[in-house]
Amino acid sequence: MIEAAPPQPTGSPESGGPADAPASIGPADPVDSDAALGRRAQILATEHWGLLAARSTAQSEVLSRITIFLTLVSAGLVTIGLLGQASDFVGWFGGASLAILAFLAMIGLMTQTRVLNVAEEDMMYVVAMNRLRSGYVDLDPQVAEYFLSSVYDDRKGMELTYSFLRHRSVSVLVGSSFVLLIVVNSCVFGLLTGAIVVSSGGTVGWAIAGGIAVGIVYFGIFFVYGNWTFRSTWNRYVPRRPTPGPPRFWRQ
C-alpha cells in the first residue's frame with residue numbers, strides 16, 4: 001500500500017515561502033485523520049473562548065470607568081452649586097470651582113482615552129474571531145451556512161459581525177460610548193473655560209462665548225482623531241480572507 005506523503009508546511013523551503021512564514025489553515029486535507037481535525041478544532045475553539053473572555057473583561061472594565069466618570073461629573077456639579085450657595089458665589093468660590101472642573105476635565109480625558117482604546121480592542125477581537133470562524137469553515141465547509149457572523153476578516157466582515165441583518169448606519173456612531181464621552185467632556189472643558197474667564201475678570205458674555213467655542217473645538221478635534229485612528233488601523237491591516245460580496249442571507 002502506498003502511503004501519502006505528508007503535506008509540506010507553508011513556511012518550509014520546499015513550499016517556496018519564507019522559512020519563518022506561519023502555516024495557514026486551509027481546507028481539510030482528505031488524508032487528515034479525525035484526531036488531527038479534532039485537534040485543530042479544539043485549538044481554534046480554545047483561542048475563540050480566550051478572545052471572548054478578553055473582550056468581555058475589557059467591556060466590563062470600560063463600562064465601570066464610564067459610570068465612575070459620569071458619577072463624578074454629577075457630584076462635581078452639585079458640589080459647585082452647594083459651594084456657590086455657601087459662598088454667595090464670591091471670594092473663594094472661583095478657586096474651588098476651577099479646581100473641581102479641572103479635576104473633572106482630567107478624569108474625563110483619561111476615561112475618553114480608555115474608551116477609544118477599548119473600542120479599538122473590541123474591533124480587534126471581532127476581526128480575530130472572524131478569522132477563527134473561517135478556520136472552522138475550512139475544517140468543515142458545511143457549517144458555513146449556519147453562521148450569521150462573518151467568516152471574513154476584513155472591514156466588511158467586521159461590520160457584518162457587528163450587524164447581521166442590515167448595514168450599519170450613522171446611528172451606531174452617534175450612539176456610541178466614545179461620542180457620549182466627547183460630548184460630556186466638551187461640556188466640562190467649556191465650563192472650565194468659562195470659569196477661567198470669569199475668574200480672570202471677564203464678563204459672563206465672554207465666558208459663555210469662550211466656553212461654547214472651546215467645547216466645539218474639543219468635539220471637532222477628538223471626533224476627527226477617532227475617525228483617523230479607525231481608518232489608519234484598517235490601512236495597515238492585511239486580511240487573510242476578504243469579503244467576496246454581500247451576505248448570502250440578504251435580499252439583493
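Positions are given from 1, in the same order as the sequence printed here.
With 3.5 Å as the limit, one finds a donor-acceptor pair spanning the side chains of Asn130 and Arg133. In summary, the side chains of Tyr162 and Asp122 do present a donor paired with an acceptor at a separation below 3.5 Å, with no hydrogens or angles considered.
Of the inter-residue distances, the one linking Met129 atom CE with Leu44 atom CG reads 13.5 Å to the nearest 0.5 angstrom. The distance from the SG atom of Cys187 to the OH atom of Tyr218 is 11.0 Å, given to the nearest 0.5 Å. Atom CE in Met124 sits 11.5 Å away from atom OH in Tyr237 (nearest 0.5 Å). To the nearest 0.5 Å, atoms OG1 (Thr161) and NZ (Lys156) are separated by 14.5 Å. In this structure, CH2 in Trp228 is found 8.5 Å from OG1 in Thr233, a value given to the nearest 0.5 Å. To the nearest 0.5 Å, atom CD1 of residue Ile107 and atom CZ of residue Arg65 are 8.5 Å apart.
At a threshold of 4.5 Å between non-hydrogen side-chain atoms, the residues Val214 and Leu192 do not count as touching. Within the 4.5 Å cutoff, side-chain heavy atoms of Arg114 are placed close to those of Glu61. Under the 4.5 Å side-chain criterion, counting only non-hydrogen atoms from C-beta, Val224 is not in contact with Asn227. Side-chain contact between Met106 and Leu109 is absent, with no heavy atoms from C-beta onward closer than 4.5 Å. At least one side-chain heavy atom of Ile66 sits under 4.5 Å from a side-chain heavy atom of Ser177. Arg168 places none of its side-chain heavy atoms less than 4.5 Å from the side chain of Ser171. Side chains of Leu160 and Ser149 form no contact here, defined as non-hydrogen atoms less than 4.5 Å apart.
Although no hydrogens or angles enter the test, the distance criterion places no donor-acceptor pair under 3.5 Å between the side chain of Ser56 and the main chain of Leu52. The main-chain N or O of Val127 is never found under 3.5 Å from a side-chain atom of Asp153 such that the two would form a donor-acceptor pair. Side chain of Thr243 to main chain of Gly245: no donor-acceptor pair is present (N/O by atom type, distance under 3.5 Å, no hydrogens or angles). Here the side chain of Asn185 pairs a donor or acceptor atom with the backbone of Gly108 at under 3.5 angstrom. Between the side chain of Ser163 and the main chain of Glu159, no donor-acceptor pair closer than 3.5 Å is present. Formation of a donor-acceptor pair under 3.5 Å by the Trp250 side chain with backbone atoms of Phe164 is found in this model. Between the side chain of Ser232 and the backbone N or O of Thr229 there is at least one donor-acceptor pair closer than 3.5 Å.
The two atoms that bring Phe69 and Leu104 nearest to each other are CE1-O, 3.5 Å, heavy atoms only. Contact detail for Asp154 and Gly157: the closest heavy-atom pair is OD1-N, 2.9 Å. Here the closest heavy-atom approach between residue Pro242 and residue Pro239 is recorded as CG-CG, 4.3 Å. A pairwise comparison of heavy atoms in Ala41 and Tyr136 identifies O-CE2, 4.4 Å as the closest pair. The heavy-atom pair separating Phe178 from Gly226 by the smallest distance is CE2-CA, 4.0 Å.
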>> Under the criterion side-chain contact (heavy atoms from CB on, under 4.5 Å), I'd like the reasoning laid out for Met123 against Trp234: C-alpha separation, chi angles, the key distance, then a yes or no.
In response: CA-CA 11 Å; Met123 181 177 66; Trp234 283 109; 3.3 Å; yes

>> Go through it in stages, so that I can follow the logic: the residues are Tyr125 and Glu120, the test is side-chain contact (heavy atoms from CB on, under 4.5 Å), and I'd like the CA-CA distance, side-chain angles, deciding distance and then a yes or no.
In response: CA-CA 9 Å; Tyr125 293 137; Glu120 293 178 350; over 6 Å; no

> Does the pair Ser199 and Leu98 meet the rule for a side-chain contact (heavy atoms from CB on, under 4.5 Å), with working shown?
Replying inline: CA-CA 9 Å; Ser199 299; Leu98 283 175; 3.6 Å; yes

>> For Ser134 and Arg240: C-alpha separation, side-chain torsions, deciding distance, then whether side-chain contact (heavy atoms from CB on, under 4.5 Å) applies.
In response: CA-CA 10 Å; Ser134 72; Arg240 175 181 182 269; 3.4 Å; yes

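Ile216 and Val184 sit in two unconnected hydrophobic clusters of ILVMFWY residues. Membership requires side-chain heavy atoms under 4.5 Å apart, directly or through other members. Hydrophobic clustering places Val188 together with Ile68 (ILVMFWY residues linked when any side-chain heavy atoms are closer than 4.5 Å, directly or through intermediates). Both Met110 and Val115 belong to a common hydrophobic cluster when Ile, Leu, Val, Met, Phe, Trp and Tyr are linked at side-chain heavy-atom distances under 4.5 angstrom. The hydrophobic clustering, which links ILVMFWY residues whose side-chain heavy atoms are closer than 4.5 Å, places Ile208 and Phe219 apart. In terms of hydrophobic clustering, with Ile, Leu, Val, Met, Phe, Trp and Tyr side chains grouped at heavy-atom distances under 4.5 Å, Leu116 and Val126 are assigned to different clusters.
Using a cut-off of 4.0 Å between Lys/Arg side-chain N and Asp/Glu carboxylate O, Arg131 and Asp138 are scored as not salt-bridged. Electrostatic pairing of Arg248 and Glu145 does not count as a salt bridge here, judged by no charged N lying under 4.0 Å from a carboxylate O.
Residues satisfying the salt bridge (charged side-chain N to carboxylate O under 4.0 Å, His left out) test with Glu47, not counting sequence neighbours, are none.
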Could you list the donor-acceptor pairs under 3.5 angstrom formed between side-chain atoms of residues 72-96 and any protein atom two or more places apart in sequence or on another chain?
| unit_1 | atom_1 | unit_2 | atom_2 | d |
| --- | --- | --- | --- | --- |
| Thr79 | OG1 | Ala75 | O | 2.7 |
| Ser87 | OG | Leu83 | O | 2.8 |
| Ser87 | OG | Phe89 | N | 3.3 |

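Annotation: Phe147, atom CZ; neighbour count of heavy atoms from other residues, nucleotides and ligands within 6.0 Å is above 12.
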